[in-house]
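Just so it is clear, the model here is predicted, and its values are computed rather than measured.
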Amino acid sequence: MLVAERQQKIVELVNIRKSIRVSELSESFNVTEETIRRDLEKLEKENKLKRSHGGAVSIQEEDLDVSEREITNVNEKRAIANAAAELVESGDRIIVDASTTAWYMAKVLQNIPLTVITNSIKVSIELSKKDKIEVISTGGRLNTKSMSYLGPLAERSLDMYHVNKCFMSCRGLHLENGLSDSNEEQALLKKKMAEQSDQVIVMVDSSKFGVKGFSKIAPLSKARQVITDSKINPGVKTRLEENQLTVRIADI
């Protein structure tokens with residue numbers, strides 16, 4: 001078995017089992033425990049799992065604290081946010097999710113006449129500094145890890161609005177499985193955001209491609225454009241374009 005194939009199967013096993021020990025993986029793949037530890041170290045750096053004492057745990061259901069997300073793939077997220085902000089025009093009505101990339105996007109948005117609907121407290125605070133931008137909060141139940149509003153109230157509030165652009169990130173973008181997230185409530189709200197928008201623009205760094213998050217947001221066909229970084233696999237880029245998606249590469 002090739003190294004890349006073994007590592008992919010390790011990720012699949014971890015996601016199915018939620019947690020697994022090094023000794024079990026060593027026995028399953030008939031390699032040394034030291035080899036497995038090197039695999040897990042590499043996979044953790046790629047944000048595909050999280051190492052634990054004696055093994056690894058899945059990150060698919062893990063709702064990371066916003067402070068942890070802010071220090072992950074920072075350069076890529078800032079570049080993607082800058083590229084996304086360039087797509088916003090005066091008079092637009094947009095929805096922005098509670099991702100870290102959305103927060104970076106809020107920081108660089110021009111102070112021009114806009115209406116921005118968001119479930120993010122951090123995005124709302126950032127945009128409050130720009131007097132020409134009208135900010136509408138979804139309200140709902142506060143999730144203190146993501147500093148965002150979630151739940152049925154947040155979802156129902158979106159029924160009142162229709163926007164021309166929706167900017168969202170997600171935990172995984174898979175060619176067959178579509179867009180997904182690690183948290184069911186986040187996924188349901190993002191699904192509603194997409195439904196209320198003329199076009200969905202997905203902001204994801206290249207580590208998210210090929211990942212299947214725990215909760216499905218929407219099929220890939222729901223998106224109009226993907227903004228990512230230059231590390232995207234050329235084959236994946238081609239497949240996305242074959243699915244009628246515009247792929248925009250952000251300069252880091």
If I take atom [atom1] from residue [X] and atom [atom2] from residue [Y], how far apart are they, to the nearest 0.5 angstrom?
| X | Y | atom1 | atom2 | value |
| --- | --- | --- | --- | --- |
| Leu175 | Leu240 | CG | CG | 5.5 Å |
| Gln199 | Asn164 | CD | CG | 7.0 Å |
| Asp181 | Lys208 | CG | NZ | 8.5 Å |
| Lys192 | Ser157 | NZ | OG | 9.5 Å |
| Glu184 | Leu189 | CD | CG | 12.5 Å |
| Asp198 | Arg93 | CG | CZ | 7.5 Å |

Is there a path of hydrophobic side-chain contacts, each under 4.5 Å between heavy atoms, that joins [X] and [Y]?
| X | Y | result |
| --- | --- | --- |
| Phe167 | Ile112 | yes |
| Ile117 | Leu188 | no |
| Val123 | Val108 | no |
| Met160 | Met193 | yes |

Would you say the side-chain atoms of [X] pair up with the backbone N or O of [Y], donor to acceptor, closer than 3.5 Å?
| X | Y | value |
| --- | --- | --- |
| Thr238 | Pro234 | yes |
| Ser26 | Ser23 | no |
| Lys9 | Ala4 | no |
| Gln196 | His162 | no |
| Thr101 | Ala81 | no |
| Asp92 | Glu89 | yes |
| Glu24 | Arg21 | yes |

Shortest non-hydrogen contact from [X] toward [Y]:
| X | Y | value |
| --- | --- | --- |
| Tyr149 | Ala154 | O-CB, 4.0 Å |
| Ser120 | Ser124 | O-OG, 2.9 Å |
| Gly91 | Leu114 | N-CD2, 4.2 Å |
| Ser215 | Asn183 | OG-C, 4.0 Å |
| Leu158 | Ile95 | CD2-CD1, 4.2 Å |
| Leu49 | Leu40 | CD1-O, 3.7 Å |

- Query: Yes or no on side chain to side chain contact (heavy atoms under 4.5 Å, CB included) for Ser180 and His174, after CA distance, side-chain angles and deciding distance?
  - Reply: CA-CA 8 Å; Ser180 57; His174 193 276; over 6 Å; no
- Message: Assess the residue pair Ile94 and Val116 against the criterion (side chain to side chain contact (heavy atoms under 4.5 Å, CB included)); give the C-alpha distance rounded to whole Å, side-chain angles, the decisive distance to 0.1 Å, and a yes or no.
- Response: CA-CA 5 Å; Ile94 68 174; Val116 179; 3.8 Å; yes
Within the structure provided, determine whether [X] and [Y] are in side-chain contact (heavy-atom separation under 4.5 Å).
| X | Y | result |
| --- | --- | --- |
| Leu43 | Arg51 | no |
| Phe29 | Ile10 | yes |
| Glu34 | Arg37 | yes |
| Asn111 | Ile133 | yes |
| Leu150 | Gln186 | yes |
| Phe209 | Asn233 | no |
| Lys165 | Ser197 | no |
| Val31 | Arg6 | yes |

Cut-off 3.5 Å, side chains only: do [X] and [Y] have a donor facing an acceptor?
| X | Y | answer |
| --- | --- | --- |
| Ser206 | Asp229 | yes |
| Asp39 | Gln7 | yes |
| Thr35 | Thr32 | yes |

Determine, for [X] against [Y], whether the closest basic-nitrogen to carboxylate-oxygen distance falls under 4.0 angstrom.
| X | Y | answer |
| --- | --- | --- |
| Lys77 | Asp205 | no |
| Lys231 | Glu76 | yes |
| Lys237 | Glu241 | yes |
| Lys48 | Glu44 | no |

- Query: How would you list all residue pairs meeting salt bridge (Lys or Arg N to Asp or Glu O under 4.0 Å) that involve residues 96-111, not counting sequence neighbours?
  - Reply: Asp97-Lys190, Lys107-Glu126
- Derivation and outcome, side chain to side chain contact (heavy atoms under 4.5 Å, CB included), residues Val88 and Met105: CA-CA 10 Å; Val88 179; Met105 178 184 173; 3.7 Å; yes
- Message: Within a 6.0 Å radius of atom CD on Glu46, are there more than 12 heavy atoms belonging to other residues, nucleotides or ligands?
- Response: yes
- Task: Flag yes if more than 12 heavy atoms outside Lys191 fall under 6.0 Å of its NZ atom; otherwise flag no.
- Result: no
Going by atom type alone, with no hydrogens or angles, which donor-acceptor pairs under 3.5 Å involve a side-chain atom of residues 242-252 and a protein atom two or more places apart or on another chain?
{"residue": "Asn243", "atom": "ND2", "partner": "Arg239", "partner atom": "O", "Å": "2.7"}
{"residue": "Gln244", "atom": "NE2", "partner": "Glu242", "partner atom": "O", "Å": "3.4"}
{"residue": "Arg248", "atom": "NH2", "partner": "Glu86", "partner atom": "OE1", "Å": "2.6"}

- Query: Do Met203 and Cys170 pass the side chain to side chain contact (heavy atoms under 4.5 Å, CB included) test, and can you show the C-alpha distance, the side-chain angles, and the key distance before you say yes or no?
  - Reply: CA-CA 8 Å; Met203 309 179 294; Cys170 57; over 6 Å; no
- Passing option when Ile227 is tested against Val204, Leu87, Val202 for side chain to side chain contact (heavy atoms under 4.5 Å, CB included): Leu87
